[in-house]
Amino acid sequence: MDFTLSEDQRGFRDMARSFAADVFAPEAAEWDEDKTFPVAELRQAAELGFAGIYVGEEHGGSALTRLDAAIIFEELAAGCTSTAAYISIHNMASWMIDRFGSDEVRTKFLPTLTTMEHFASYCLTEPGSGSDAAALRTKAVRDGDDYVLNGAKAFISGGGKADVYVTMVRTGDDSPRGISCIAVSKDTPGISFGAQERKMGWNSQPTAEVRFDDCRVPAENLIGAEGDGFKIAMMGLDGGRINIGACSIGAARACLELAQDYTADRKQFGKPVGEFQAVQFRLADMATELEAARLMIRQAAAKLDAKDPEATLFCAMAKRFATDVGFNVCNEALQLHGGYGYLRDFPLERFVRDTRVHQILEGTNEIMRVVIARKLSDGQGRG
């Protein structure tokens with residue numbers, strides 16, 4: 001049980017940290033204010049290998065591990081949490097194509113996804129099925145060499161801007177076994193997009209409904225076999241939960257560092273507020289909970305890399321804990337800044353807004369508790 005990062009891990013951690021500080025952080029407030037999708041900067045991240053972190057090298061991926069990815073996403077999120085979270089979603093969609101797609105599908109989509117010449121979205125949630133993901137209704141009916149899609153997907157990150165939509169559709173009965181996965185190109189006739197959602201945070205990435213109206217997609221775009229879609233979606237979410245937890249940790253670490261600096265400089269009642277024991281205890285608790293969250297995320301990532309049978313349990317635990325801790329630490333850091341923390345001149349309020357949604361997406365934290373409880377009832381998690 002070695003908690004020390006390898007030389008390679010320290011290398012790409014430092015590279016990601018420098019990139020986030022030099023490229024993401026200086027622009028993050030403007031991207032948030034103007035709702036800018038930073039295409040050029042995303043492609044710079046892709047040049048460093050961050051667009052296909054755990055995609056195979058054959059099609060331009062970095063072939064790293066889930067633990068490696070968690071380290072990278074923590075660093076990127078400290079610069080711009082919203083943009084780092086979109087990179088996570090892009091990686092998840094690309095991994096699904098790489099892991100389950102045919103050679104033809106992989107060759108068709110991955111070379112432009114790993115460079116971010118094209119962007120990817122993951123389409124599971126629907127207007128009528130959120131937490132009950134297996135109740136999705138978007139249908140795909142086989143017609144010769146195509147599938148004809150009808151339905152809609154909601155809250156899709158990258159919606160309207162992405163070029164490839166990895167979409168869960170119903171090809172069979174109403175059970176999870178009736179769900180399949182297919183890649184849909186943006187230029188396919190019959191695909192359209194709703195208005196951009198007006199959100200509390202995550203403003204550097206577009207979010208919109210994706211609609212399919214007699215959308216004819218080549219059958220060769222199927223990812224995995226018919227009926228594999230729900231399994232693929234859930235396997236993707238295991239990794240997505242680690243990534244979004246890591247993004248929460250990165251945001252929280254940035255906020256904790258800001259709070260440490262601010263309380264060391266800010267004077268009230270004749271001395272720095274950081275010298276008051278109440279403030280010291282609050283910072284101590286923030287740092288302790290943040291470190292515990294980091295350890296949980298990295299343990300879950302290691303279990304996923306090892307294909308541990310309890311990986312799903314640990315991913316759910318880590319996601320629940322890290323996203324709650326991440327938001328709370330950001331919020332506590334804002335409180336320690338007093339009125340200044342509430343101003344947009346400081347990044348605290350943006351980190352708070354961006355991390356709040358992490359407790360909702362990739363499975364709400366209430367659903368994480370459902371997953372954990374079910375796994376415990378199956379005898380897992382006994383140590």
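Any value given below was found using the heavy atoms of this structure, including those in side chains, with hydrogens, waters and symmetry copies removed. Since this is a predicted model, take the numbers as computed values, not measurements.
Here E7 does not pair with R10 in a salt bridge; the nearest charged N to carboxylate O distance is not below 4.0 Å. The existence of a salt bridge linking R344 and E33 is confirmed by a sub-4.0 Å separation between a basic side-chain nitrogen and an acidic carboxylate oxygen. For R13 and E74, the salt-bridge test fails: no basic side-chain N is under 4.0 Å from an acidic carboxylate O. The pair R106-D103 meets the salt-bridge criterion, since a charged nitrogen lies less than 4.0 angstrom from a carboxylate oxygen. With respect to the salt-bridge test (charged N to carboxylate O, under 4.0 angstrom), the residues R320 and D324 qualify. Between K108 and E220, at least one side-chain nitrogen of the basic residue sits less than 4.0 Å from a carboxylate oxygen of the acidic one, meeting the salt-bridge criterion. A salt bridge is absent between R43 and E47; no separation between the charged side-chain nitrogens and carboxylate oxygens falls under 4.0 Å. Remark: K267 does not engage E275 in a salt bridge, criterion side-chain N to carboxylate O under 4.0 Å. A salt bridge links R216 with D146; the closest basic N to acidic carboxylate O contact falls under 4.0 Å. A salt bridge is defined here as a Lys NZ or Arg NE, NH1 or NH2 lying under 4.0 Å from an Asp or Glu carboxylate O, and E126 with K153 meets this definition.
Using modelled atom types and a 3.5 Å distance limit, the side chains of D8 and S6 yield no donor-acceptor pair. With hydrogens and angles left out, the side-chain atoms of S157 and Q205 include a donor and acceptor closer than 3.5 Å. Between the side chains of N150 and D214, at least one donor N or O lies within less than 3.5 Å of an accepting N or O. Side-chain contact annotation: T65 with D68, donor-acceptor N/O pair under 3.5 Å present. For the 3.5 Å distance criterion, the side chains of T112 and H118 qualify, holding a donor opposite an acceptor.
At a threshold of 4.5 Å between side-chain heavy atoms, the hydrophobic network of Ile, Leu, Val, Met, Phe, Trp and Tyr places L290 and V352 in two separate groups. Neither V371 nor I232 shares a network with the other; the hydrophobic side chains, linked directly or stepwise wherever heavy atoms of I, L, V, M, F, W or Y lie under 4.5 Å apart, form separate groups for each. Clustering ILVMFWY residues whenever any of their side-chain heavy atoms sit less than 4.5 angstrom apart, transitively, puts W95 in the very cluster that holds F50.
With contacts defined as side-chain heavy-atom distances shorter than 4.5 Å, the pair Y122/M96 qualifies. Within the 4.5 Å cutoff, the side chain of D213 has heavy atoms near those of the S192 side chain. Using a 4.5 Å cut-off on side-chain heavy atoms (C-beta onward), R253 and E291 make no contact.
Side-chain rings of W31 and F37 stay apart, their centers remaining 6.0 Å or farther from each other.
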Checklist entry - Is there a side chain to side chain donor-acceptor pair (under 3.5 Å) between T36 and D34 once you walk through the steps? => result CA-CA 5 Å; T36 299; D34 297 338; 4.7 Å; no
Item to check | Pair S204-K35, side chain to side chain donor-acceptor pair (under 3.5 Å): steps then yes or no | outcome: CA-CA 5 Å; S204 72; K35 298 177 175 57; over 6 Å; no
Checklist entry - Given the rule in the side chain to side chain contact (heavy atoms under 4.5 Å, CB included) test, do V169 and I179 qualify, once you have shown the distances and angles that lead to the verdict? => result CA-CA 6 Å; V169 296; I179 297 172; over 6 Å; no
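Not one N or O on the side chain of S62 forms a donor-acceptor pair closer than 3.5 Å with the backbone of L64.
Of the residues N365, D238, N243, the one that meets the side-chain hydrogen bond (donor to acceptor under 3.5 Å, both in side chains) test with K319 is N365. The side chain to side chain contact (heavy atoms under 4.5 Å, CB included) test with W202 is passed by exactly one of D32, D354, T355: D354.
Between F346 and Y340, the ring planes are tilted. Angles from 30° to 60° get that label. Ring orientation note: the planes of Y165 and F193 are tilted relative to one another, at an angle of 30° to 60°.
Scanning all heavy atoms of the two residues, the minimum distance from V105 to L222 falls at CG2-O, 4.0 Å.
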